[in-house]
> 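Here it is: the structure, laid out below.
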Amino acid sequence: MLNPNTAKTVIDHALFLGADFAELFIEHHQSSSVQLISSEIDKVNSGIDFGIGIRLFFGHKVLYGYTNSTDEEELKRVTSLLAAKDKREQILTAGTLNLNRYDNKHSCQLPLSQDTNMAAKIAFLRQADQAARAENEKIAQFIGSVAQREQQIEIFNSDGLHIGDTRHYTRISANAVAQNGSEQSTGYEAPGAFTGWELNTHLDAQKLGHDVAQQAMVKLFAEACPSGKMPVIIGNGFGGVIFHEACGHLLETTSVAKKASVFYDKMGEIIANSVVSAVDDGTMTNQWGSINIDDEGMETQRTQLIKDGQLTSFMVDRMGGLKTGFARTGSGRRESYKFAPTSRMRNTFIEPGTSTLDDMLAGVERGIYAKKMGGGSVQPGTGEFNFAVQEAYLVENGKITKPLKSATLISTGPKVLKEISMIGNDFALAAGMCGSVSGSVPTSVGQAALKVDNILVGGGN
């Protein structure tokens with residue numbers, strides 16, 4: 001997408017102006033989406049964006065800018081504007097640019113650039129809509145969408161790196177609303193994958209519609225959740241959002257390097273119950289949070305964050321590595337060319353154990369089964385969190401008894417890690433979008449069902 005000779009000239013110009021490191025990130029991004037509301041197609045959108053991000057290091061200082069032009073003089077102008085903020089001329093030149101290659105682990109049969117599938121996408125949404133409305137007459141609304149995008153990137157840097165990648169993402173969302181008089185409740189699912197429209201072959205539109213309608217109906221007549229400290233079993237898949245938000249961000253060098261994480265000085269120490277092992281893995285085939293290379297051009301990898309309760313690694317980008325001394329982990333990510341990369345999660349999860357759901361329930365005299373987690377808020381640095389439970393049930397004498405509504409889980413990441421006593425064998429991942437200082441990026445969260453012995457539950461009574 002950018003002439004290598006132009007890239008070399010711009011990088012040499014940056015080094016001449018005193019930069020210790022220079023990088024160009026070139027992106028061509030194509031997107032398409034279709035949305036259905038009230039059984040009718042409401043929106044069909046598409047777009048193309050192109051730009052080049054320029055990143056310079058002056059010691060531990062990062063300067064960043066971007067442009068939509070490939071013109072050499074314009075790129076040098078932007079570079080000069082950045083370097084003027086910390087100018088110190090020196091005579092350096094970049095290493096020879098060599099095109100790097102890697103194995104593409106992620107197949108794509110129906111990419112957006114060859115898209116002829118709009119009719120099939122609309123048909124999928126209509127099937128899900130019909131299935132949701134057929135579940136119960138109290139399903140008042142269904143909203144569904146299909147979003148697909150294709151991101152081509154190219155990276156040059158002063159170490160001599162020249163590498164590129166093409167990334168394919170597809171995600172389907174379904175939201176059902178149930179209504180009884182003035183009472184409303186919702187059900188929501190949004191599966192996604194690092195692949196093309198062939199994602200639909202792994203999904204059943206009718207089941208998707210049925211599942212979100214059922215979620216909505218369960219909550220519509222549910223009783224208010226009791227409050228207080230009690231044992232909670234958190235369901236698999238999106239239940240992993242608590243680890244992602246309350247613990248995962250504290251293990252990124254984005255916060256570790258600033259000592260804004262409670263774990264910044266805990267490497268090698270026990271920070272969780274011994275049953276807990278956690279991983280951030282960018283190599284999982286076609287998973288939503290996977291990548292071939294990160295946004296700094298490093299091949300991705302599997303990173304063991306916690307092993308048997310012991311902190312074993314952080315997630316490290318280039319600048320994070322310079323500041324902390326830890327080796328890079330292929331975790332440098334950004335939303336687009338408009339953002340400088342920082343350390344970010346990919347597919348982050350607690351590894352499965354051997355317990356069954358019945359095993360975990362058996363030890364609970366009175367508690368909550370948080371089958372589906374929703375959104376929440378987290379205090380950066382401490383990991384203090386408050387998460388809503390999307391689908392909850394009361395547990396009495398080892399049995400799931402009745403549905404509940406208005407349940408929230410309140411604790412801190414460091415505390416909840418030590419309260420986990422059992423982990424199930426029903427591992428699953430769920431797709432999500434993660435926002436941070438380098439924008440919003442696709443990430444997966446996951447776990448098997450797990451038992452937290454003691455956590456504060458906020459309820460409606």
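Treat the numbers as computed from the prediction; the structure is a model and nothing was measured.
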> Any side-chain to backbone donor/acceptor pair from Thr312 onto Leu305? Under 3.5 Å, distance only.
yes
> Starting at CG of Asn100, measure out to CD of Glu299 and round the result to the nearest 0.5 Å.
8.5 Å
> Closest heavy-atom contact between Gly435 and His249?
O-CE1, 4.3 Å
> Is His13 close to Ser80 at the side-chain level, that is, under 4.5 Å between some pair of heavy atoms?
yes
> Side chains of Thr300 and Thr283: donor-acceptor distance under 3.5 Å anywhere?
no
> Among Lys371, Glu189, His210, which residue meets the side chain to side chain donor-acceptor pair (under 3.5 Å) test with Gln215?
Glu189
> Does the plane of the ring in Trp288 sit parallel, tilted or perpendicular to the ring in Tyr169? Use 30° and 60° as the thresholds.
perpendicular
> Could you give the distance from CD (Glu183) to OG (Ser185), rounded to the nearest 0.5 Å?
8.5 Å
> Just to verify, which of Val316, Leu311, Thr348 counts as forming a side chain to side chain contact (heavy atoms under 4.5 Å, CB included) with Leu251?
Leu311
> Kindly give the heavy-atom pair with the smallest separation between Leu404 and Ala222, and that separation in Å.
C-CB, 3.6 Å
> Between Asp281 and Asn347, do the side chains contain a donor N or O and an acceptor N or O under 3.5 Å apart?
no
> For the residue pair Ser39 and Asp129, confirm or rule out a side-chain donor-acceptor distance under 3.5 Å.
yes
> Can a side-chain donor-acceptor contact be found between Ser440 and Glu335 if the only test is distance below 3.5 angstrom?
no
> Among Met284, Arg167, His168, whose side chain to side chain contact (heavy atoms under 4.5 Å, CB included) with Phe194 holds?
Arg167
> Does the side chain of Gln130 come under 3.5 Å of the side chain of Gln206 through a donor N or O and an acceptor N or O?
no
> Which heavy-atom pair separates Gly196 from Cys108 by the least distance, and what is that distance?
N-SG, 3.6 Å
> Using a strict cut-off of less than 4.0 Å between a Lys/Arg side-chain nitrogen and an Asp/Glu carboxylate oxygen, indicate whether Asp159 and Arg318 qualify as a salt bridge.
yes
> Please test Glu72 against Leu75 for side-chain contact (heavy atoms from CB on, under 4.5 Å), starting from the C-alpha separation and ending with a verdict.
CA-CA 5 Å; Glu72 181 178 304; Leu75 292 168; 5.6 Å; no
> Counting N and O atoms only, with roles assigned by atom type, does the side chain of Ser173 sit under 3.5 Å from a partner on the main chain of Ala190, one being a donor and the other an acceptor?
no
> Indicate yes or no: at least one non-hydrogen side-chain atom of Ile163 is less than 4.5 angstrom from one of Leu99.
no
> For the pair Asp317 (side chain) and Gly320 (backbone), establish whether a donor and an acceptor sit closer than 3.5 Å, ignoring hydrogens and angles.
yes
> Check whether Tyr264 reaches the backbone of Ser255 with its side chain - one donor and one acceptor, N or O, closer than 3.5 Å.
no
> Are Asp295 and Val441 packed together at the side-chain level, in the sense that at least one heavy-atom pair is separated by less than 4.5 angstrom?
no
> Scan side-chain atoms only and decide if Ser331 and Thr329 contain a donor-acceptor pair under the 3.5 Å cut-off.
yes
> Quick one: do Asp280 and Arg346 make a salt bridge, cutoff under 4.0 Å?
yes
> So, Gln390 and Lys219: side-chain donor and acceptor under 3.5 Å apart, yes or no?
no
> Ignoring hydrogens and geometry, is there a side-chain-to-backbone donor-acceptor pair from Ser290 to Asn286 under 3.5 Å?
no
> To check you understand the geometry: which heavy-atom pair defines the closest contact between Leu112 and Arg149, and what is its length?
CD2-CA, 3.7 Å
> Which atoms form the tightest heavy-atom contact between Glu252 and Arg344, and what is the distance?
OE2-CA, 3.4 Å
> Hey, are Gln141 and Gln184 close enough side-chain-wise for a donor-acceptor pair under 3.5 Å?
no
> Under a plain distance cut-off of 3.5 Å, with no hydrogens placed, do Glu23 and Ser158 share a side-chain donor-acceptor pair?
no
> Do Glu154 and His162 get their side chains close enough for a donor-acceptor pair, meaning under 3.5 Å?
yes
> For Tyr66 and Phe25, I'd like to know if the aromatic rings sit close, meaning centre-to-centre distance below 6.0 Å.
no
> Hey, could you give me the CG/CG distance between Leu161 and Asn157, rounded to the nearest 0.5 Å?
4.5 Å
> Indicate yes or no: at least one non-hydrogen side-chain atom of Ile143 is less than 4.5 angstrom from one of Tyr188.
no
> Kindly state each residue pair satisfying side chain to side chain donor-acceptor pair (under 3.5 Å) with at least one member in residues 40-51, sequence neighbours excluded.
Asp49-Tyr337
> Keeping the roles fixed (side chain from Arg126, backbone from Lys121), state whether a donor-acceptor pair exists under 3.5 Å.
no
> May I ask you to decide if Ser107's main-chain N or O and Thr195's side chain share a donor-acceptor pair within less than 3.5 Å?
yes
> Just do the side-chain contact (heavy atoms from CB on, under 4.5 Å) check on Ile155 and Glu296 with the steps written out, would you?
CA-CA 7 Å; Ile155 301 171; Glu296 298 180 313; 5.7 Å; no
> Measure from NZ or CZ of Arg55 to the centre of the six-membered ring of Phe21, then state whether that distance is under 6.0 Å and the direction lies within 45° of the axis.
no
> So Thr324 and Thr253, side chain to side chain donor-acceptor pair (under 3.5 Å) or not? Walk me through it.
CA-CA 8 Å; Thr324 65; Thr253 48; 5.7 Å; no
> So, the side chain of Asp294 versus the backbone of Gly332: is there a donor-acceptor pair under 3.5 Å, distance only?
yes
> Keeping Asp71 on the side-chain end and Glu74 on the backbone end, is there a donor-acceptor pair under 3.5 Å?
yes
> Which heavy atom in Gly239 sits nearest to a heavy atom in Ile234, and how many Å separate them?
CA-CG2, 3.8 Å
> With rounding to the nearest 0.5 angstrom, report the CZ to OG distance, Phe387 to Ser377.
7.5 Å
> Would you find a donor on one side and an acceptor on the other, under 3.5 Å apart, between the side chain of Asn3 and the backbone of Asn5?
yes
> Do Glu391 and Lys372 pass the salt bridge (Lys or Arg N to Asp or Glu O under 4.0 Å) test, and can you show the C-alpha distance, the side-chain angles, and the key distance before you say yes or no?
CA-CA 5 Å; Glu391 185 177 352; Lys372 295 278 186 181; over 6 Å; no
> Rounded at 0.5 Å granularity, tell me how far OG1 in Thr254 sits from NZ in Lys323.
9.0 Å
> Decide whether Gln151 and Glu27 meet the rule of one side-chain donor and one side-chain acceptor closer than 3.5 Å.
yes
> Are side-chain heavy atoms of Ser444 and Phe349 found at a separation under 4.5 Å?
no
> State, yes or no, whether a side-chain contact exists between Phe263 and Val256 at a heavy-atom distance under 4.5 Å.
no
> Are Glu150 and Ser32 close enough that some pair of their side-chain heavy atoms sits under 4.5 Å apart?
no
> What distance separates Thr79 OG1 from Leu63 CG, expressed to the nearest 0.5 Å?
11.0 Å
> Do the non-hydrogen side-chain atoms of Leu56 and Val62 ever get within less than 4.5 Å of each other?
no
